[in-house]
Amino acid sequence: MTIEIRKVTVLGTGVLGSQIAFQTAFSGFDVTAYDISDDALAAAGDRITKLAATYRDEVPAAADGKADKSAAGIALTTDLAAAVADADLVIEAIPEVLAIKQETYQRLGEFAPERTIFATNSSTLLPSDIKDFTGRPDKFLALHFANLVWKYNTAEVMGTSDTDPEVYQAVVDFAAAIGMVPIELHKEKAGYVLNSLLVPLLNAAMALSAGGYAEPEAVDKTWRIGTGAPVGPFQILDIIGLTTPYNILANSGEDGQQLAAWLKANYIDKGKLGIASGEGFYRYSA
Ligand code: NAD
């Protein structure tokens, strides 16, 4: 039996959901996007219009009206049952709150046809935390995108011990079909591959500067010259924005809380939040 994926429904149309819906429509799939309220859908409409403009500017294949056609092709709805009634694949990108995810999967499991595969884009939860609420653990796994999917196009695929290998392979193939580079994980790992590498690097960089050993510029220069990487850890932090790392560190152990306090006093309290605010570890011109 080969699993065919043609119709894709994205749950949640925020930062990542809107990008996933757009990239999937842009790649020629039928896309429906669901969110909880008319206000959320109005915001989704704005996000999709902005994405069409970004694709026109940044994605060579978006010429000849393809970006606008993709934007117009995404069906938006607040009706969950209708959204998933004929879906081959549901990609969930709703808030990172376990109770919200579990409640949503419970309803989803009732509404979706038996064949429908469910994939979570969760960054910090494991699919095992959710699988028992799906009603179909064999057709459930994580498909994790990076922010700015058209540029940073990894798609980490991670199942549980219950995920059917054919379902896993179908999702790997789907990721490739929408222009992602599938990264296959053989078992569950918090942080997947990317954040398992990135978070320790960023924390080590902050510990060097917070401890008074070296300035951020020196740390970044060392990393760039010493490894050939195009950017250093503090440049990456400015791209991510300092608020998310701050929140994670503030809720971690003692070492993390010290780094959080350093970030807060020297950067966050001074409005230096990264590229988005014009200044973080570096200054950016508009
Ligand atoms: P977001 O807050 O931008 O968007 C969440 C969306 O979900 C909103 O549109 C909200 O209206 C909607 N929503 C709220 N409750 C809902 C419900 N019960 N059912 C359906 N929709 C609901 O969040 P985001 O940054 O797009 O993150 C979404 C998921 O993607 C999270 O699991 C997060 O871990 C993951 N993720 C985020 C990033 C990132 O850089 N932002 C990267 C990779 C993965």
Side-chain angles (χ1 to χ4, degrees), residues 9-24 32-48 50-51 74 76-84 87 90-112 118-130 133-134 140-158 175 178 180-183 185 189-199 202 236-248 251 273-276:
T9 298
V10 179
L11 307 186
T13 58
V15 174
L16 255 284
S18 58
Q19 294 178 22
I20 296 165
F22 196 94
Q23 180 67 26
T24 305
T32 300
Y34 159 84
D35 213 305
I36 43 170
S37 66
D38 290 336
D39 284 351
L41 286 193
D46 291 344
R47 284 182 200 281
I48 289 167
K50 284 196 188 115
L51 281 169
I74 300 171
L76 296 173
T77 179
T78 56
D79 182 341
L80 183 62
V84 302
V90 171
I91 304 173
E92 169 269 309
I94 68 174
E96 193 72 340
V97 178
L98 185 58
I100 296 181
K101 302 245 196 224
Q102 291 177 337
E103 188 260 339
T104 301
Y105 276 102
Q106 236 158 6
R107 291 170 60 218
L108 186 59
E110 290 164 23
F111 294 144
F118 299 165
T120 180
N121 182 47
S122 174
S123 294
T124 61
L125 300 167
L126 293 176
S128 284
D129 298 334
I130 303 170
F133 295 81
T134 63
F140 174 64
L141 75 178
L143 174 62
H144 182 242
F145 294 83
N147 192 15
L148 312 186
V149 299
W150 62 95
K151 221 164 33 174
Y152 304 129
N153 60 334
T154 54
E156 298 180 279
V157 187
M158 187 170 83
I178 62 165
M180 299 295 110
V181 177
I183 308 294
L185 281 96
K189 171 84 179 98
Y192 302 83
V193 173
L194 181 58
N195 284 336
S196 296
L197 295 168
L198 190 57
V199 172
L202 300 180
I236 297 173
L237 280 163
D238 273 358
I239 294 169
I240 296 170
L242 305 198
T243 314
T244 302
Y246 170 77
N247 287 332
I248 294 170
N251 289 301
L273 305 178
I275 289 180

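We count ligands from 1, going down the list as the structure has it; atoms in each ligand are counted the same way. Owing to the predicted nature of the structure, the values given are computational and were not obtained by experimental measurement.
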> Would you call Pro245 and Ile240 a side-chain contact if the rule is heavy atoms closer than 4.5 Å?
Replying inline: yes
>> Give me the residue, atom name and distance of the protein heavy atom closest to atom 25 (O) of ligand 1.
In response: Val15 CB, 3.8 Å
> Nearest protein heavy-atom contact for atom 37 (C) of ligand 1: which residue, which atom, what distance?
Replying inline: Leu16 CG, 3.8 Å
> Only one of Val149, Val157, Thr154 forms a side-chain contact (heavy atoms from CB on, under 4.5 Å) with Met180, so which one is it?
Replying inline: Val149
> Thr104 heavy atoms, cut-off 4.0 Å: which ligand 1 atoms fall inside?
Replying inline: 18 (N)
> With atoms numbered from 1 as shown, which atoms in ligand 1 lie under 4.0 angstrom from a non-hydrogen atom of Ile100?
Replying inline: 18 (N)
> Is atom 23 (O) of ligand 1 close to the protein, meaning a heavy atom under 4.0 Å from it?
Replying inline: no
> Measuring from the heavy atoms of Leu11, does anything fall under 4.0 Å of ligand 1?
Replying inline: no
> Going by the angle between their ring planes, with limits at 30° and 60°, are Phe140 and Tyr105 parallel, tilted or perpendicular?
Replying inline: perpendicular
>> Give me the atom names and distance for the closest heavy-atom approach of Ser18 to Arg47.
In response: OG-CD, 3.4 Å
> Which option out of Gly12, Pro95, Ala40 puts a heavy atom nearest to atom 13 (N) of ligand 1?
Replying inline: Pro95
> Nearest to atom 16 (C) of ligand 1, what protein heavy atom do you find, and at what distance?
Replying inline: Ile36 CG2, 3.6 Å
> With no hydrogens and no angle check, is any side-chain donor or acceptor of Glu92 less than 3.5 Å from a backbone partner on Lys101?
Replying inline: no
> What protein heavy atom is closest to atom 44 (C) of ligand 1, reported as residue, atom name and distance in Å?
Replying inline: Ser123 OG, 2.9 Å
> Any idea which heavy atoms bring Gly14 and Asp35 closest together, and the distance?
Replying inline: N-OD2, 4.4 Å
> Quick one: which of Thr32, Thr77, Val90, Asp79 gives a side-chain contact (heavy atoms from CB on, under 4.5 Å) with Val84?
Replying inline: Val90
> With backbone taken as N, CA, C and O and side chain as the heavy atoms from C-beta onward, which portion of Phe145 lies under 4.0 Å from ligand 1: side chain, backbone, both, or neither?
Replying inline: backbone
> Is there a protein heavy atom less than 4.0 Å away from atom 4 (O) of ligand 1?
Replying inline: yes
> Distance-only, no hydrogens or angles: does the Glu156 side chain make a donor-acceptor pair with backbone N or O of Ile183 under 3.5 Å?
Replying inline: no
> Quick one: nearest non-hydrogen protein atom to atom 8 (C) of ligand 1, plus distance?
Replying inline: Asp35 OD2, 3.6 Å
>> Can you tell me if His144 contacts ligand 1 (heavy atom of the residue under 4.0 Å from the ligand)?
In response: yes
>> I need the atoms of ligand 1 closer than 4.0 Å to a non-hydrogen atom of Lys101, numbered in the order shown.
In response: 31 (C), 32 (O)
> Is a side-chain N or O of Asp129 found less than 3.5 angstrom from the main chain of Leu126, in a donor-acceptor match?
Replying inline: yes
> Counting each atom of ligand 1 from 1 as listed, which ones have a heavy atom of Asn147 under 4.0 Å away?
Replying inline: 40 (O)
>> Yes or no, since that's all I need: does a protein heavy atom fall within a distance strictly under 4.0 Å of atom 40 (O) of ligand 1?
In response: yes
>> To check your reading of the model: name the closest protein heavy atom to atom 6 (C) of ligand 1, its residue, and the distance in Å.
In response: Gly14 N, 3.8 Å
>> If we ignore hydrogens and angles and just use 3.5 Å, is the side chain of Gln23 paired with the main-chain N or O of Ile178 as donor and acceptor?
In response: yes
>> Between Phe118 and Leu108, is there a side-chain heavy-atom distance shorter than 4.5 Å?
In response: yes
> What's the shortest heavy-atom distance between Ala33 and Ile74, and which atoms?
Replying inline: CB-CG2, 4.0 Å
> Taking the minimum heavy-atom distance to atom 32 (O) of ligand 1, which of Glu156, Glu96, Gln19 ranks first?
Replying inline: Glu96
> Who gets closest to atom 31 (C) of ligand 1 by heavy atom: Asn121, Ile91, Val97, Ile94?
Replying inline: Ile94
